[in-house]
Amino acid sequence: TTFDLGRSDATGEPVVEMIRRGIIPSLCLTLPAFLAGIVCAVGVSLLLVAVRESPLDRWGIVLCVAIMSIPIIVYVIFGQWVAANLLNYFPAFGFNLEGWTTARFIALPVSIMVLASLGSDVRLYRAIFLEEVRADYIRTAQAKGASGGRVLFVHVLKNGMISLITLVVASLPFLIMGTLVVENFFGVPGLGNMMTNAITTSDFALIRANVYFGSLLFLFGLMLTDVCYALFDPRIRLQ
């Protein structure tokens with residue numbers, strides 16, 4: 001039958017059921033991190049572009065490089081030690097899909113995922129927006145008396161959407177597939193954690209299914225990218 005991915009070599013359970021069970025925890029973790037990461041990275045990068053070539057811009061870039069230089073495992077260990085063990089703000093391990101209780105379990109890993117990706121995203125988005133700031137249409141808008149905020153949020157951001165869409169939509173498959181390191185260390189029963197266990201137990205049926213599923217999501221992301229191009233750029237038409 002269609003999408004019959006067989007049974008797990010380790011447990012004998014249908015692989016489709018295992019994937020269906022792991023999608024929700026992965027989305028609960030990766031979707032908030034994805035949205036918050038985009039908002040934070042775009043906001044910070046626009047701020048650095050607004051104060052470009054100033055001390056704040058230079059120190060911001062230095063901080064971004066420092067954030068990029070630290071492996072995510074360091075953020076995980078430090079976050080669990082400080083926020084979970086010392087301050088006892090959040091659970092250090094586990095997952096519970098029950099209303100607001102879920103928020104307590106995902107708050108720490110989501111924050112770590114946003115922080116770990118912030119440095120690279122800000123530097124990349126800043127480079128995109130700086131390229132737009134130097135364009136002729138920006139000088140025209142400034143000559144017409146457009147405010148700095150309007151120039152950034154209407155002209156620069158809008159015209160930089162093509163590059164942002166390419167980067168953002170291409171990462172959509174990772175939302176579904178989860179993140180191996182964070183899910184494993186925080187005990188989130190998502191697809192990333194499931195993939196780690198499958199590799200450890202040599203569950204080849206589950207590994208094949210995850211690779212196949214990830215490939216389909218990647219193809220879907222590429223098609224969605226083309227559709228978004230047509231939505232944001234009037235020069236592009238879908239045929």
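Quick caveat: nothing in here was measured; it's all calculated off a predicted structure.
- Nearest approach of Ile106 to Pro32, heavy atoms of both residues: CD1-CG, 4.4 Å.
- Atom CE of Met195 is separated from atom OG1 of Thr200 by 10.5 Å, given to the nearest 0.5 angstrom.
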task: Go through Leu118 and Met68 one step at a time and tell me if the side-chain contact (heavy atoms from CB on, under 4.5 Å) criterion holds.
output: CA-CA 8 Å; Leu118 189 62; Met68 293 171 55; over 6 Å; no
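- When atom types are taken as modelled, the side chain of Glu183 and the backbone of Asn193 share a donor-acceptor pair closer than 3.5 angstrom.
- Scanning both residues, Ser69 and Pro71, for their nearest heavy atoms gives O-CD, 3.6 Å.
- Here the shortest heavy-atom pairing between Arg7 and Gly12 reads NH1-O, 2.9 Å.
- Between Tyr75 and Ile67, some side-chain heavy-atom pair lies under the 4.5 Å cut-off.
- Contact between Pro109 and Val182 at its shortest, heavy atoms only, is CB-CG1, 3.5 Å.
- Looking only at side-chain heavy atoms (C-beta outward), Pro189 and Met194 stay at 4.5 Å or farther from each other.
- In the hydrophobic clustering of ILVMFWY residues, with side-chain heavy atoms under 4.5 Å counting as a link, Leu56 and Phe129 come out apart.
- A pairwise comparison of heavy atoms in Ala205 and Asp9 identifies N-OD2, 3.1 Å as the closest pair.
- Rounding to the nearest 0.5 Å places CG of Leu217 at 10.5 Å from OH of Tyr212.
- In terms of modelled atom types and a separation under 3.5 Å, the side chain of Gln80 and the main chain of Phe93 share no donor-acceptor contact.
- Residue Phe90 is grouped with residue Leu115 when hydrophobic side chains (ILVMFWY) are merged at heavy-atom distances under 4.5 angstrom, including chains of intermediate members.
- With hydrogens and angles disregarded, a donor-acceptor distance shorter than 3.5 Å links the side chain of Arg58 to the backbone of Glu53.
- The shortest distance between side-chain heavy atoms of Arg104 and Asn96 does not fall below 4.5 Å.
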task: Could you please spell out the steps behind the side-chain contact (heavy atoms from CB on, under 4.5 Å) verdict for Arg208 and Val15?
output: CA-CA 10 Å; Arg208 286 194 302 267; Val15 172; over 6 Å; no
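- A 4.5 Å side-chain heavy-atom check between Leu48 and Val122 finds at least one atom pair inside the cut-off.
- Hydrophobic cluster membership is shared by Phe186 and Tyr89, with clusters built from Ile, Leu, Val, Met, Phe, Trp and Tyr side chains linked at under 4.5 angstrom.
- Under the 4.5 Å side-chain heavy-atom criterion for grouping Ile, Leu, Val, Met, Phe, Trp and Tyr, Val49 is connected to Ile38 within one hydrophobic cluster.
- Clustering ILVMFWY residues whenever any of their side-chain heavy atoms sit less than 4.5 angstrom apart, transitively, puts Ile72 in the very cluster that holds Val110.
- Within the model, atoms OG of Ser8 and CG of Asp203 stand 3.0 Å from one another, a figure rounded to the nearest 0.5 Å.
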message: Before you tell me yes or no, could you show the steps for Arg126 and Asp57 under side-chain contact (heavy atoms from CB on, under 4.5 Å), namely the whole-Å CA-CA distance, both residues' side-chain angles and the distance that decides it to 0.1 Å?
response: CA-CA 10 Å; Arg126 175 182 174 275; Asp57 181 33; 2.9 Å; yes
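- For the pair Ser54 (side chain) and Val51 (backbone), a donor-acceptor distance under 3.5 Å is present.
- Counting only heavy atoms from C-beta outward, the side chains of Leu35 and Val39 never approach each other to under 4.5 Å.
- The 12-atom threshold is exceeded at OH of Tyr137, counting heavy atoms of other residues, nucleotides or ligands nearer than 6.0 Å.
- Note that the CD1 atom of Ile23 and the SG atom of Cys28 stand 11.5 Å from one another [nearest 0.5 Å].
- Nearest heavy-atom pair, Ser26 versus Gly190, reported as atom, atom and distance to 0.1 Å: OG-CA, 3.2 Å.
- In Glu13, the CD atom is crowded: over 12 heavy atoms of neighbouring residues, nucleotides or ligands sit closer than 6.0 Å.
- Side chains of Ile207 and Ile199 form a contact here, defined as non-hydrogen atoms less than 4.5 Å apart.
- Annotation: side chain of Thr102 is in contact with side chain of Phe95 (closest heavy-atom distance under 4.5 Å).
- Residues Asp226 and Tyr229 form a side-chain contact, since some pair of their non-hydrogen atoms from C-beta on lies under 4.5 Å apart.
- Neither side chain, Asn184 nor Thr196, offers a donor N or O lying under 3.5 Å from an acceptor on the other.
- Of the inter-residue distances, the one linking Asn197 atom CG with Met18 atom CE reads 8.5 Å to the nearest 0.5 angstrom.
- Considering CG of Leu157 and CG of Leu164, their distance stands at 7.0 Å, rounded to 0.5 Å.
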